[in-house]
Amino acid sequence: MKRPVVVFSYDSGSLGEALAGEFDLPLVDASGLKKSRAKDRLCFYQQHSVESRFLAFIVSEGAVRIALIDETKVLAIEADFTGATVSYRRKHGGGSGQMIAKAVGIKSGYVPAVLDATAGLGGDAFVRASL
C-alpha cells in the first residue's frame with residue numbers, strides 16, 4: 001500500500017531500514033538512481049506515493065534528508081553534524097575565540113547554559129555544545 005511519507009534509500013546500509021522500521025514507513029530501494037537525472041528521480045519518487053505533494057526521507061551516504069516532493073520539484077534539507085566543515089570548525093575553529101562562543105559569553109572558567117531557540121539546523125548549537 002502506498003503511503004504519504006516514504007523512506008527512499010540510496011544505500012544498502014541499515015540506516016534507511018532503521019528509519020523506516022522506527023516510524024513504520026515504507027522503505028523504497030533507490031540505489032539504481034544514484035547517477036540518474038533529477039527529472040528521472042522525481043518521477044521515481046512520485047510513483048511511490050498516493051499524494052501529489054508528500055514528505056520523504058532520503059537516505060544517501062549515511063546522511064538523512066527530509067524532502068517535500070511535488071509534481072515539479074524536490075525541496076530537501078539536511079542537518080550535517082559529521083561533515084568536514086563542521087568537524088574542522090569543532091576541532092580547529094578557535095575554541096572560545098569562535099563567534100558563537102563570544103556571543104554566548106564563554107570565558108575562561110565560565111560556561112553559561114544556553115538555549116538555542118533559533119530556527120536553524122543546529123550547527124552553532126552543536127559547536128557550542130562541543131566547546
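The shortest distance between side-chain heavy atoms of Leu25 and Val6 does not fall below 4.5 Å. Counting heavy atoms from C-beta on, the side chains of Phe8 and Arg65 never come closer than 4.5 Å. Using a 4.5 Å heavy-atom threshold, the side chains of Phe44 and Val28 count as touching. With a 4.5 Å cut-off on side-chain heavy atoms, Tyr10 and Leu33 count as touching. Here the side chains of Val64 and Leu19 are in contact, with some heavy-atom distance below 4.5 Å. Side chains of Pro26 and Val7 form no contact here, defined as non-hydrogen atoms less than 4.5 Å apart.
Between the side chain of Arg53 and the backbone N or O of Glu71, no donor-acceptor pair lies under 3.5 Å.
Residues Ser9 and Asp11 have side chains that never bring a donor and an acceptor to within less than 3.5 angstrom of each other.
Residues meeting the side chain to side chain contact (heavy atoms under 4.5 Å, CB included) test with Ala67, sequence neighbours left out: Ile58, Ile69, Val74, Ala76.
Atoms CZ and CD, on Phe54 and Gln46 in that order, are 6.5 Å from each other to the nearest 0.5 Å. The line from CG of Leu75 to CG of Leu68 is 5.5 Å long, rounded to the nearest 0.5 Å. Interatomic distance, OG of Ser36 versus CG of Leu42, reported as 10.5 Å (0.5 Å rounding).
A parallel orientation is assigned to the rings of Phe57 and Phe23, their planes being inclined by less than 30° (bins at 30° and 60°).
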